[in-house]
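Everything numeric here is computed off the predicted structure, so don't read it as measured data. Hydrogens, waters and symmetry mates are skipped; everything else that's a heavy atom, side chains included, is used. Just so it is clear: chains get the letters A, B, ... in the order the sequence lines come, proteins before strands, and each one is counted from 1.
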2 protein chains.
Amino acid sequence: MDLSPIAEEYLKAISTLETEHARPIRTVEIADEIGVTSASVSSMIDTLDERGLLEHTPYKGVELTGDGEEIVTTLVRKHRLLETFLTDHLDYRWTDVHEEADRLEHHVSDEFATRLATFLDDPTTDPHGDPIPDTALTVSEESVQTPLTEYEAGETVVVAQVPDRDHDVREYLFEHGLEPGTELYLEAVTAVGILEVVPDDADDSVSIPTKIARHVSARATSR
Amino acid sequence: MDLSPIAEEYLKAISTLETEHARPIRTVEIADEIGVTSASVSSMIDTLDERGLLEHTPYKGVELTGDGEEIVTTLVRKHRLLETFLTDHLDYRWTDVHEEADRLEHHVSDEFATRLATFLDDPTTDPHGDPIPDTALTVSEESVQTPLTEYEAGETVVVAQVPDRDHDVREYLFEHGLEPGTELYLEAVTAVGILEVVPDDADDSVSIPTKIARHVSARATSR
DNA sequence: CACTAATATTAGCCTAGTCTAATTATCCTC
DNA sequence: GAGGATAATTAGACTAGGCTAATATTAGTG
């Protein structure tokens with residue numbers, strides 16, 4: 001039987017947390033991520049466990065099974081293909097596509113995803129720079145990408161990925177001219193945790209708090 | 001508050017039945033249309049009535065209000081825009097798009113619809129030949145269209161609309177080469193309720209039962 | 001090692017939407 | 001205008017997913 005969009009949201013949340021923490025995920029973490037109570041999470045964990053999508057060790061935490069991960073990867077693929085379509089063809093700003101894709105990913109068929117991918121010419125990254133899993137659901141080798149905070153003053157880098165989940169952060173980066181593909185000259189790293197950077201299409205430097213810069217990854221310029 | 005996809009399905013069903021019968025719609029008709037029991041319909045009618053989307057006269061039937069009709073028209077617009085996108089850009093056959101559009105129409109935002117319409121160059125009819133309501137939700141003047149059964153042997157017509165809801169009927173028409181835009185020579189009308197027609201891209205005549213032909217509309221050729 | 005804080009689970013209730021069974025209205029025919 | 005057929009509504013129960021409150025487990029600290 002098919003999974004409800006709600007059950008799918010739980011799987012996605014668990015997957016995100018697993019990637020972030022690399023250890024079993026606790027009930028309360030899922031509750032915080034989704035915005036429901038721990039009680040609700042406990043009961044959804046039961047159903048997901050019965051369906052073989054995760055392994056639950058009571059009082060310890062959960063881990064996705066292969067089946068669970070596969071469902072999540074399918075969703076991620078649909079999500080990122082949709083985002084690509086929305087920005088590249090429907091003229092959405094990349095800052096605005098996440099919410100629409102988050103809703104639609106649960107409702108487009110596999111057939112739709114396959115055809116959309118063909119229409120888009122099988123893209124490998126989405127507008128935030130995140131990799132799009134292919135039909136076999138394998139994620140392509142990511143190019144070497146490092147958080148902006150790892151570079152030093154004086155270096156020039158290209159923005160590779162920006163965080164896709166927090167609207168305010170996306171808005172902040174957009175307004176300061178930072179998006180995937182932007183070339184950046186790192187002017188200075190101040191003591192109070194601010195990066196001074198100069199985007200390639202700007203004259204003045206822009207201040208980026210470390211808190212945000214940590215989640216922006218970049219690769220060295222190819223020259 | 002937003003309406004659930006299920007509530008939206010009820011409104012669509014009522015609208016379809018109103019168009020078909022031009023009179024208040026009874027509980028059991030809605031039940032048959034959607035495939036639920038009359039009891040379920042009764043209770044949904046209550047909620048829809050409370051929201052001001054229809055008027056219910058107990059034991060008599062329901063009629064959509066202006067608000068109710070507006071919601072349906074928005075859904076129809078989304079549905080037909082989606083169908084157009086699926087056939088024109090994702091290479092779906094026009095016989096296969098109805099189901100996907102029926103799911104997605106409940107989940108795409110108004111913003112998405114607006115942008116999709118622009119992307120598609122503001123089409124006025126969908127792949128089945130049905131008119132697409134514009135942003136103001138007015139349906140464009142339909143060209144004069146008459147059921148195939150109203151024409152006489154010897155006439156040449158162009159298929160304007162095919163039924164969009166029944167997959168088997170669509171499949172039948174597709175296999176016999178009848179789709180919107182097909183030019184048709186009406187060879188004969190037999191006694192047992194069969195039309196013999198010759199599509200423009202075929203040599204042999206094709207037999208269409210009156211039962212089906214009644215729901216295919218056509219306009220006279222422009223020559 | 002015991003106690004407390006934090007977290008997890010269970011119990012029990014709520015809402016939306018479904019069902020079956022029982023009841024009530026309406027209508028049609030005689 | 002009475003009787004029966006048909007249709008509509010109501011009553012009561014079920015499921016998914018949510019909540020709060022109560023209970024149980026684990027972990028950390030003294």
Side-chain angles (χ1 to χ4, degrees), chain A residues 1-14 16-18 20-21 23-64 68 71-72 75 102-103 105-107, chain B residues 1-14 16-18 20-21 23-64 68 71-72 75 102-103 105-107:
Chain A
M1 231 269 289
D2 254 13
L3 228 46
S4 72
I6 290 173
E8 290 181 343
E9 276 304 309
Y10 277 88
L11 294 179
K12 273 182 61 180
I14 295 164
T16 304
L17 292 163
E18 279 184 348
E20 198 173 318
H21 296 121
R23 55 161 175 73
I25 304 305
R26 334 193 100 259
T27 304
V28 72
E29 295 173 309
I30 303 168
D32 288 349
E33 177 78 15
I34 299 187
V36 296
T37 61
S38 291
S40 302
V41 174
S42 271
S43 97
M44 182 55 88
I45 283 175
D46 282 350
T47 46
L48 260 21
D49 194 345
E50 275 161 32
R51 311 262 310 236
L53 303 175
L54 50 75
E55 304 230 25
H56 180 213
T57 315
Y59 291 100
K60 296 298 175 179
V62 299
E63 277 179 283
L64 292 186
I71 290 172
V72 171
L75 288 169
D102 239 7
R103 233 176 322 108
E105 62 182 2
H106 302 291
H107 303 286
Chain B
M1 232 271 289
D2 254 14
L3 228 46
S4 71
I6 290 173
E8 291 180 343
E9 275 304 308
Y10 276 87
L11 293 179
K12 273 182 61 179
I14 294 164
T16 304
L17 292 163
E18 279 184 348
E20 198 174 319
H21 296 121
R23 55 160 176 73
I25 305 305
R26 357 240 356 287
T27 303
V28 72
E29 295 173 308
I30 302 167
D32 288 350
E33 177 79 13
I34 299 186
V36 296
T37 62
S38 291
S40 303
V41 175
S42 271
S43 97
M44 182 57 87
I45 283 175
D46 283 350
T47 49
L48 260 20
D49 194 344
E50 275 162 32
R51 310 263 307 238
L53 303 175
L54 50 75
E55 303 229 25
H56 180 214
T57 316
Y59 291 100
K60 296 297 175 180
V62 298
E63 278 179 282
L64 292 187
I71 290 172
V72 172
L75 289 169
D102 239 6
R103 234 177 321 110
E105 62 182 3
H106 303 291
H107 304 285

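Within the 4.0 Å cut-off from OP1 or OP2 of C/dA8, not a single side-chain nitrogen or oxygen of A/H56 is found. Listed pair B/T37 / C/dC19 meets the phosphate criterion, a side-chain N or O lying under 4.0 Å from OP1 or OP2. Between C/dT18 and B/Y10, a contact under 4.0 Å exists linking OP1 or OP2 to a side-chain N or O. The phosphate of C/dA16 (OP1 or OP2) has no side-chain N or O of B/S4 nearer than 4.0 angstrom. An OP1 or OP2 oxygen of D/dT9 is reached within less than 4.0 angstrom by no side-chain nitrogen or oxygen of B/K60. For the OP1/OP2 pair of D/dT9 and a distance below 4.0 Å, the side-chain nitrogens and oxygens of B/S42 include at least one atom meeting the criterion. The shortest distance between the side-chain N/O atoms of A/S40 and the OP1/OP2 oxygens of D/dC19 is below 4.0 Å. Neither OP1 nor OP2 of C/dT18 sits under 4.0 Å from any side-chain N or O of B/S43.
Going from atom CE of A/M44 over to atom P of D/dG18 covers 6 Å, rounded to whole Å. In this structure, the CD1 atom of B/I34 is 10 Å from the P atom of C/dC19, given to the nearest Å. Atom NE2 of A/H106 is separated from atom P of D/dG17 by 13 Å (rounded to the nearest Å). If you measure from atom CG of B/D2 to atom C1' of C/dA16, you get 15 Å, rounded to the nearest angstrom. Per the geometry, CD1 belonging to B/I6 stands 12 Å off P belonging to D/dG17, to the nearest Å. Atoms CG (A/D46) and P (C/dT10) sit 6 Å apart, rounded to a whole Å. The distance from atom CG of B/D49 to atom P of D/dT9 is 10 Å, rounded to the nearest whole Å.
Residues B/R26 and B/G35 both approach DNA chain C. Their nearest nucleotides, taken by heavy-atom distance, put B/G35 toward the 5′ side.
A/L75 CG to A/L11 CG: the interatomic distance, rounded to the nearest 0.5 Å, is 8.0 Å. From B/I14, atom CD1 reaches atom CD1 of B/I45 across 6.0 Å, with rounding to the nearest 0.5 Å. In this structure, CD in A/E18 is found 10.5 Å from CD in A/E29, a value given to the nearest 0.5 Å.
Distance from the side chain of B/Y59 is smallest to D/dA8 among C/dT18, D/dA8, C/dT10. Candidate nucleotides C/dA21, C/dT9, C/dT18 were compared by shortest atom distance to the side chain of B/A39, and C/dA21 ranks first.
Among the atoms of the strands shown, base atoms are found under 4.0 Å from some heavy atom of B/S38.
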Intermediate values then yes/no, side chain to side chain contact (heavy atoms under 4.5 Å, CB included), B/L3 and B/R51: CA-CA 10 Å; B/L3 228 46; B/R51 310 263 307 238; 3.3 Å; yes
Step-by-step side chain to side chain contact (heavy atoms under 4.5 Å, CB included) determination, A/H56 to A/L48: CA-CA 9 Å; A/H56 180 213; A/L48 260 21; over 6 Å; no
